[in-house]
Amino acid sequence: LKGADMIISLTGTTTSGIADAIRRAHAHTGTSAMAFTLVAVTDAEHRDAVFDACLQAGGEHPSRILVVVREDGSEPVLDATVRSGEGVPGDIVTLHLSGALAEHAEQVVLPLLLPDSPVVVWWPHDAPTNPAEDPVGALAIRRITDASGEDDPVSALHARAEHTQPGDTDLSWTRLTPWRALLAAGVDQHPARITHATIEAAADNAPAELMDGWLRARLGVEVERIANDGPGSTAVRLSTTSGDIALQRPGSGVACYEVPGQPTREVALKRRDINELITEELRRMDADEIFEEATRTLPGRRALKEKP
């Protein structure tokens, strides 16, 4: 016990043992309304960072959080830690799975989901190519991946784009939210015909790939790509007959924002950490049709369609 918080550690347990521990924790600390279940699938290396991100996200979205940690080991062992109380937004249950249990995590997760509530699954890294067909992903109405956390972000994004289904999204897309908002505002303020678009970014930048797809889908223009050393995306320029709408971020958290007919100004455009990204993404439970549209026009998918 820690103040009004309760932590229960279980070794070599079962799902019924975990469910009983959750009930005991609620009896001690009381319960609060929880909007959904978040399942985060990770490994021992990334466990702490994922746990911290879930804890912060839970502060805005009280929920049951199941952190599934796939451990090394051939023996089918399930250890768990249940946290509940004033310092915990809802429930946080850390599940350590090894052996066959790690390969069939859905069997452990399913009995612990909140009844009659949405389920969101998040893979911060090593996500399946087809999240909706993954046994854990199939439990969810929303599935969140992060191509930027993979060894080859662009290839990972393209592979998943081939299998995108309603409810899928990627944090590479979430990283673009402030960019898209500023560019859309510029188009609203200067509604001239856009003739061309240019993106400057590191060659392996997954958000730049999605920006490319989004601009082609929304504007119907050709997009020129200029590879540089980054970091990440450094500039987007929309050319019109009377000047350019442009965002240029050379490296700091401040960007230069240009709209024809207006003074050039500086705007905040920081690189957000994983905690902020997952918190934003959990604000919606509906399918993201704009993301799906952007994935359909990614450069790699267009190249496949253009082959004779």
Side-chain angles (χ1 to χ4, degrees), residues 53 56 146-150 152-154 156-158 161 169-281 283-284 288 290-291 293-295 297-300 302:
Q56 177 167 314
D146 189 2
S148 296
E150 306 290 350
D152 187 340
V154 172
L157 184 66
H158 286 175
T169 195
D170 193 277
L171 293 185
S172 299
W173 178 246
T174 320
R175 289 179 176 88
L176 291 179
T177 300
W179 286 80
R180 293 191 295 120
L182 287 165
L183 291 170
V187 172
D188 288 342
Q189 295 166 32
H190 186 72
R193 187 175 73 87
I194 295 169
T195 59
H196 186 74
T198 304
I199 299 172
E200 299 179 24
D204 64 347
N205 186 247
E209 289 287 296
L210 282 168
M211 175 67 78
D212 186 317
W214 178 64
L215 292 175
R216 291 178 188 267
R218 294 277 99 185
L219 302 176
V221 298
E222 287 301 310
V223 178
E224 179 184 0
R225 297 285 292 276
I226 299 175
N228 58 25
D229 294 330
S233 299
T234 58
V236 177
R237 188 174 299 275
L238 308 180
S239 300
T240 78
T241 54
S242 54
D244 291 349
I245 300 165
L247 261 179
Q248 300 179 75
R249 183 179 64 181
S252 66
V254 177
C256 180
Y257 186 38
E258 303 173 20
V259 177
Q262 299 182 16
T264 299
R265 58 191 186 273
E266 291 186 341
V267 295
L269 195 61
K270 69 173 185 175
R271 290 180 173 83
R272 299 181 294 165
D273 63 24
I274 197 70
N275 300 21
E276 295 174 275
L277 297 172
I278 191 64
T279 298
E280 176 187 322
E281 201 54 53
R283 290 177 188 144
R284 65 179 303 161
D288 191 337
I290 306 301
F291 168 76
E293 183 181 52
T295 64
T297 49
L298 287 176
R302 291 197 310 275

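Residues take their numbers from the sequence shown, with the count starting at 1. Atom set for the values below is all heavy atoms of this structure, side chains included, hydrogens, waters and symmetry mates excluded.
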Asks: Say whether, by atom type as modelled, one donor and one acceptor occur between the side chain of E280 and the main chain of L277 under 3.5 angstrom.
Replies: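 Looks like no, no N/O pair under 3.5 Å.
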Asks: Strictly distance-based, threshold 3.5 Å: is any side-chain N or O of T234 a donor or acceptor partner for the main-chain N or O of E200?
Replies: yes
Asks: Under the criterion side-chain contact (heavy atoms from CB on, under 4.5 Å), I'd like the reasoning laid out for I194 against L215: C-alpha separation, chi angles, the key distance, then a yes or no.
Replies: CA-CA 10 Å; I194 295 169; L215 292 175; over 6 Å; no
Asks: To the nearest 0.5 Å, what is the distance between CH2 on W173 and CD1 on I290?
Replies: 7.0 Å
Asks: Please round to the nearest 0.5 Å and tell me the distance separating atom CG of N205 and atom CG of L210.
Replies: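 N205 atom CG to L210 atom CG measures 9.5 Å (nearest 0.5 Å).
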Asks: To the nearest 0.5 Å, what is the distance between CG on L182 and CZ on R249?
Replies: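 Output value for this atom pair is 11.0 Å.
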Asks: Any donor-acceptor pair under 3.5 Å linking the side chain of R271 with the backbone of G232?
Replies: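 No, R271 side chain to G232 backbone: no donor-acceptor pair under 3.5 Å.
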Asks: Can you spot which of E209, E222, E224, E293 makes a salt bridge (Lys or Arg N to Asp or Glu O under 4.0 Å) with R216?
Replies: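 Among E209, E222, E224, E293, the one that satisfies the salt bridge (Lys or Arg N to Asp or Glu O under 4.0 Å) with R216 is E222.
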Asks: Has R272 got a side-chain atom pairing as donor or acceptor with T174's backbone, closer than 3.5 angstrom?
Replies: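 Flag set: sc R272 to bb T174 pair under 3.5 Å.
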Asks: Would you check if R180 and R218 make a side-chain contact, meaning some heavy-atom pair closer than 4.5 Å?
Replies: no
Asks: Does R283 CZ have over 12 foreign heavy atoms under 6.0 Å away?
Replies: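 It does: R283 CZ has more than 12 such atoms within range.
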Asks: Please find the pair of heavy atoms, one from T240 and one from A192, that lie closest to each other, and give the distance.
Replies: CB-CB, 4.0 Å
Asks: Restricting to non-hydrogen atoms, name the atom on I245 and the atom on P260 that form the minimum distance, rounded to 0.1 Å.
Replies: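 Smallest heavy-atom distance, with atoms named: CG1-CD, 3.8 Å.
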Asks: Take H196 and V221 through the side-chain contact (heavy atoms from CB on, under 4.5 Å) test and state the conclusion after the steps.
Replies: CA-CA 6 Å; H196 186 74; V221 298; 5.9 Å; no
Asks: For S233 and M211: C-alpha separation, side-chain torsions, deciding distance, then whether side-chain contact (heavy atoms from CB on, under 4.5 Å) applies.
Replies: CA-CA 10 Å; S233 299; M211 175 67 78; 6.0 Å; no
Asks: Would one find more than 12 heavy atoms of other residues, nucleotides or ligands at under 6.0 Å from atom CG of D229?
Replies: no
Asks: Hey, what do you get for CG (L269) to SG (C256), rounding to the nearest 0.5 Å?
Replies: 11.5 Å
Asks: Taking atom types as modelled and ignoring hydrogens, do the side chains of T195 and S239 form a donor-acceptor contact shorter than 3.5 angstrom?
Replies: no
Asks: Let me confirm one number: the OG1-CH2 distance from T297 to W214, rounded to the nearest 0.5 Å.
Replies: 11.5 Å
Asks: Taking L238 as the fixed residue, which of D244, T198, L183 is the one that meets the side-chain contact (heavy atoms from CB on, under 4.5 Å) rule?
Replies: L183
Asks: To the nearest 0.5 Å, how far apart are CD in E281 and CG in D170?
Replies: 9.0 Å
Asks: Tell me, do Q262 and H190 make a side-chain contact under 4.5 Å, heavy atoms counted?
Replies: no
Asks: May I have the step-by-step check of side-chain contact (heavy atoms from CB on, under 4.5 Å) for V267 and L247, ending in yes or no?
Replies: CA-CA 9 Å; V267 295; L247 261 179; 4.1 Å; yes
